Engineer: 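Take this structure first; my questions come after.
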Amino acid sequence: MKRILMLAPYDISHPVHGGQRRVRAMYDFLSKKFSVDFISVTAKAVVDSDRRFKNIAFGILPLDLSVLEDYQIMKNGKGSNAAKELATLIKGGQYDCIQLEHPWLFPLIEDIIDKEKVSLIYSSHNIEYKLKFDLLNHYDPTENLLEKYHSGIAKKPDAIQIQKIADEIALVEKKIVHMSKLVLVVSEADELSYREMGANDILLIRNCSGVEPLTESLPSSTTYLTYVGSGHAPNVTGFLRLLGPHLGFIGPKEKCYLLGQVADGIFMNSEFQRYSLTNIERIVRFGQISDDELRQKVAASRCQILPILEGGGTNLKTVEALRSGRPIVATKKAFRGLGEFSNLPEIVLVETASEFKYAVSQYLRSSAVPYVKRSEDLLRMLTWDYQLSQVENRY
Amino acid sequence: MKNQGKIWLDVTTSNRWTSSFVGIVRAEAEIVNRFLEQNDVSICQWQGDAIVPVDKVTYRTHIQKILNGSAASVKIHKPNRPTLKQKLIRTLKFIFGKMFVGRLEPMKAPVLQWARSSWALVKSFLSVAKSLMKKSLASDPGTHAQKIVHPFVSGDTYLTMGLDWDDKNLTSFLKSKEQMGIRYMSFCYDLIPVNHPEFLVPGYENKLNRHFVDMVWYSDHIFCISEFTQKELVHFAKTECAKEVSSSVCYLGSFQKYTPAVSARKREYVPFCLSVSTIEPRKNHSLLLQVWDRLVRKHGDEAIPELIIVGKVGWQVHDMMTALRINSRLKNKVKIQENIDDAQLRDLYTESLFTLFPSYVEGWGLPIAESLSYGKVCVSSSTSSMPEVGQGLTILLSPYDNEGWFTEVEKLIFHPEYLSQKQKTVVDNYKEFSWSKSADNVNHWIRKI
């Protein structure tokens with residue numbers, strides 16, 4: 001039986017954001033076929049980790065923006081204590097293959113790969129150097145109250161520094177691609193980029209939903225829209241730029257349900273707080289809730305929103321929204337890598353803030369749209385079983 | 001639907017006001033005053049979390065006192081005796097000023113900035129903590145309206161036209177508007193807090209944003225004080241609230257049309273130009289100071305009339321006031337008069353050469369109308385509602401065009417025939433804005449909708 005080590009910059013015991021859910025789905029799938037170990041290397045130790053998953057705490061990092069934590073691990077990874085600990089765990093030919101999630105941990109294992117003659121599979125989630133470049137250019141740390149708290153006076157890198165960071169990441173990504181026997185990608189666009197970087201063997205594994213949605217809509221005494229998202233910074237900025245900064249377009253009898261950690265990010269945003277008198281009474285925060293509760297909330301909503309302005313790869317949130325049977329108001333960006341699904345019924349794609357608000361208000365102020373049945377053949381493609389069935393013979 | 005119930009006019013703002021009326025307070029008092037004779041009209045005001053009826057006779061006495069100048073003059077002419085706290089601050093300022101004059105000044109701005117940003121951060125955290133402590137409504141959040149005691153019955157109409165974002169719990173009250181079966185009408189004076197937050201009194205943005213959003217969502221009809229304001233409101237409602245609103249234009253009144261006044265002059269006459277408005281960055285007084293500085297430098301102190309600025313010293317003008325104080329060319333040429341009553345203001349309009357109003361943006365521009373009603377030429381900004389108030393009789397210039405203002409003012413001062421010809425056009429053509437017309441307009445819409 002093949003022995004695989006999956007290496008990721010986050011724990012997957014309780015998957016919340018899209019990356020965690022993708023890696024966890026892969027782990028669950030591969031564990032059925034192979035002997036799979038999972039190790040995460042994170043800045044701070046994970047406290048409630050599942051016993052199956054090992055965690056290494058990287059330790060003290062330079063004081064920097066929270067969005068640069070992964071980059072700092074990459075930059076300081078070589079020769080670090082975490083790298084030494086990893087080397088001890090990997091040495092002795094224990095593994096046939098290492099599957100690396102994201103590029104951040106590569107410097108920690110670069111020497112080991114050579115030394116142990118272990119093969120490398122790069123599991124990409126997006127083109128990280130492009131993503132970081134966009135993220136840093138659009139990110140305003142002064143808007144984030146937590147950022148101020150963590151970093152003291154949060155300082156955004158200037159244009160030259162941003163370019164330098166992006167170049168460093170690009171260099172690591174290129175190195176990984178050249179050393180990998182297989183690159184897993186999430187979209188056709190990413191596939192093209194990796195081919196340009198020199199990757200030979202590339203396999204497209206789309207992001208999928210692991211949550212089975214309800215197949216009916218539910219009644220509700222409250223008229224509301226839902227936004228499901230993790231605390232990832234672009235989820236917050238997208239929401240505030242397209243629906244905010246004040247939520248005056250939501251009527252006194254309407255609500256916006258925030259599901260997931262995106263709620264905390266939005267509440268911690270100074271732009272949101274600037275209009276707190278208008279905003280707070282229009283929002284209902286649910287934070288982390290069970291999958292079952294999430295399904296119920298979504299099924300009774302008037303529409304789901306995907307206010308995505310930045311990011312690469314494909315959005316797991318979009319896939320889940322597609323399968324939920326509720327109307328969707330989204331940006332074109334939210335459907336990147338899922339273009340063939342954007343013409344399905346009750347999907348409104350808009351670009352500007354006023355268009356977004358208008359489209360959402362139409363769903364809030366007209367009678368509830370019944371369960372939207374979208375093409376089952378197409379949607380079957382967006383299940384992990386379907387997608388991962390292609391990968392098992394490649395290890 | 002024709003109104004069958006009573007009409008309730010909210011007088012909270014003007015009934016609490018004790019000094020001379022300004023802007024919104026005047027509008028509320030002048031319009032309500034013209035409704036008091038109507039039998040189906042009652043007046044009310046907020047008292048804590050309750051709306052209570054107000055006796056019409058008592059209210060009329062109160063506002064007449066202020067309109068006639070007696071209440072105001074009592075306040076104005078009484079010398080302000082400093083409190084113990086003020087005395088202490090003054091003493092400390094004096095001592096530290098002597099000790100550190102010049103040494104601490106360079107540190108002042110960064111220290112103040114640091115203090116302000118730290119305080120803003122603390123406030124944000126407190127606000128976040130407060131909102132996070134609010135329990136998430138896991139079942140049905142609904143809308144939780146606070147119970148407000150009020151005198152209204154189903155079919156009544158409630159009109160507010162005061163400082164609605166202050167001292168009123170309107171949001172809580174209006175949440176139950178539908179259940180109560182009442183109609184709500186409001187006044188929109190401008191959208192400056194939304195479109196130009198940089199000119200706002202610091203800390204008011206949050207409050208005012210909620211005010212406008214509530215106005216859009218709860219008003220059955222909104223009176224806008226100019227076409228410009230109406231356009232801005234409709235745009236805000238459409239793009240920010242995704243909602244259509246019912247609105248109409250209701251111009252505000254002004255002083256009565258010019259009649260040659262009996263001179264009330266009590267001092268030796270020194271020629272002057274007049275600018276009336278609160279001293280705050282939006283009103284762009286710094287442009288006037290630059291123009292006057294150049295005029296004095298070019299023509300000499302004797303040749304240039306004084307500039308009298310009538311208005312309270314407001315916010316964020318500390319640097320400008322310091323510049324005025326230390327500029328030897330201006331300190332005796334530019335005079336600021338705070339807290340003057342209507343009678344004194346009328347005298348100033350009557351005796352002025354011409355008036356100036358270089359504001360960046362307005363919802364209306366009352367000093368322009370006042371100037372024209374006294375037959376005085378007004379040089380005003382060409383932006384927002386100001387051309388509308390000017391009826392084509394004002395000299396319009398961009399508030400960013402310092403050179404243009406200098407040239408025009410110089411011409412008005414040194415070419416008396418040009419000024420007289422402009423002034424004649426004003427006197428012959430100005431059509432007054434009257435408070436009676438404003439009240440008739442409100443009356444029309446209340447009974448029409």
Side-chain angles (χ1 to χ4, degrees), chain A residues 142-146 148-149 153 220-222 224 243-259 263-264 266-287 289 293 297 300 352-362 364-365, chain B residues 114 117-118 120-146 165 170-172 174-178 193-194 197 200 202-218 235-244:
Chain A
T142 60
E143 282 182 6
N144 188 318
L145 299 173
L146 264 187
K148 283 188 188 175
Y149 173 73
I153 302 163
S220 171
S221 55
T222 310
Y224 64 90
L243 291 100
H246 74 85
L247 305 174
F249 78 99
I250 299 174
K253 291 179 187 164
E254 301 155 1
K255 296 282 171 193
C256 171
Y257 281 16
L258 296 178
L259 306 157
D264 298 340
I266 290 170
F267 269 69
M268 281 294 173
N269 187 283
S270 59
E271 277 295 286
F272 179 85
Q273 286 298 331
R274 214 169 105 205
Y275 299 106
S276 57
L277 291 173
T278 306
N279 290 343
I280 284 170
E281 64 180 32
R282 287 169 160 78
I283 292 268
V284 185
R285 236 177 31 247
F286 288 92
I289 54 171
E293 219 179 328
K297 295 282 173 248
T352 65
S354 54
E355 286 170 356
F356 212 103
K357 288 171 189 177
Y358 179 77
V360 173
S361 73
Q362 293 303 297
L364 289 174
R365 285 162 220 169
Chain B
W114 172 83
S117 58
S118 303
L121 189 61
V122 169
K123 273 207 309 194
S124 304
F125 268 113
L126 288 175
S127 157
V128 171
K130 203 173 148 194
S131 54
L132 287 175
M133 275 192 290
K134 262 190 168 181
K135 209 174 161 188
S136 279
L137 303 163
S139 51
D140 179 10
T143 43
H144 298 277
Q146 192 185 330
W165 51 92
L170 267 179
T171 308
S172 282
L174 291 170
K175 274 179 187 165
S176 329
K177 185 193 130 201
E178 256 178 50
V194 173
L200 213 56
Y204 263 72
E205 203 175 353
N206 201 357
K207 233 182 205 189
L208 285 164
N209 180 267
R210 181 174 66 176
H211 164 70
F212 289 118
V213 169
D214 284 349
M215 178 188 278
V216 165
W217 277 103
Y218 292 115
H235 180 76
F236 172 78
K238 200 173 168 186
T239 57
E240 299 289 315
C241 303
K243 196 174 180 297
E244 303 283 333

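Here is how names work: the chains are called A, B, and so on, in the same order as the sequence lines, proteins then strands, and each is numbered from 1. What you see is a predicted model; the values in this text were computed from it and never measured.
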Engineer: If we only count heavy atoms from C-beta on, is the A:K357 to B:T239 side-chain gap below 4.5 Å?
Structural biologist: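 A side-chain contact under 4.5 Å is absent here.
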Engineer: To check you understand the geometry: which heavy-atom pair defines the closest contact between A:E281 and B:K175, and what is its length?
Structural biologist: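 In this case the closest contact between A:E281 and B:K175 is OE1-NZ, 3.4 Å.
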Engineer: Quick check: under 4.5 Å, non-hydrogen atoms only, which of residues 208-218 of chain B neighbour chain A?
Structural biologist: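 Answer by number: B:N209, B:R210, B:V213, B:W217, B:Y218.
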Engineer: With only heavy atoms counted, which part of A:I283 is less than 4.5 Å from chain B, the side chain, the backbone, both or neither?
Structural biologist: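 Interface part for A:I283: neither.
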Engineer: Let me confirm one number: the CG-CD distance from A:L247 to B:E240, rounded to the nearest 0.5 Å.
Structural biologist: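 Reported to 0.5 Å precision, the distance equals 10.5 Å.
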Engineer: In Å, rounded to the nearest 0.5 Å, how long is the span from CD of B:E205 to NE2 of A:H246?
Structural biologist: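 Between B:E205 CD and A:H246 NE2, I get 10.0 Å after rounding to 0.5 Å.
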Engineer: Specify which of A:S220, A:S354, A:G248 makes the most heavy-atom pairs with chain B at under 4.5 Å.
Structural biologist: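 Max contact count across the listed options: A:G248.
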Engineer: Please determine whether the number of non-hydrogen atoms from other residues, nucleotides or ligands lying under 6.0 Å from atom NZ of B:K207 exceeds 12.
Structural biologist: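 Enclosed: over 12 neighbouring heavy atoms sit under 6.0 Å from NZ of B:K207.
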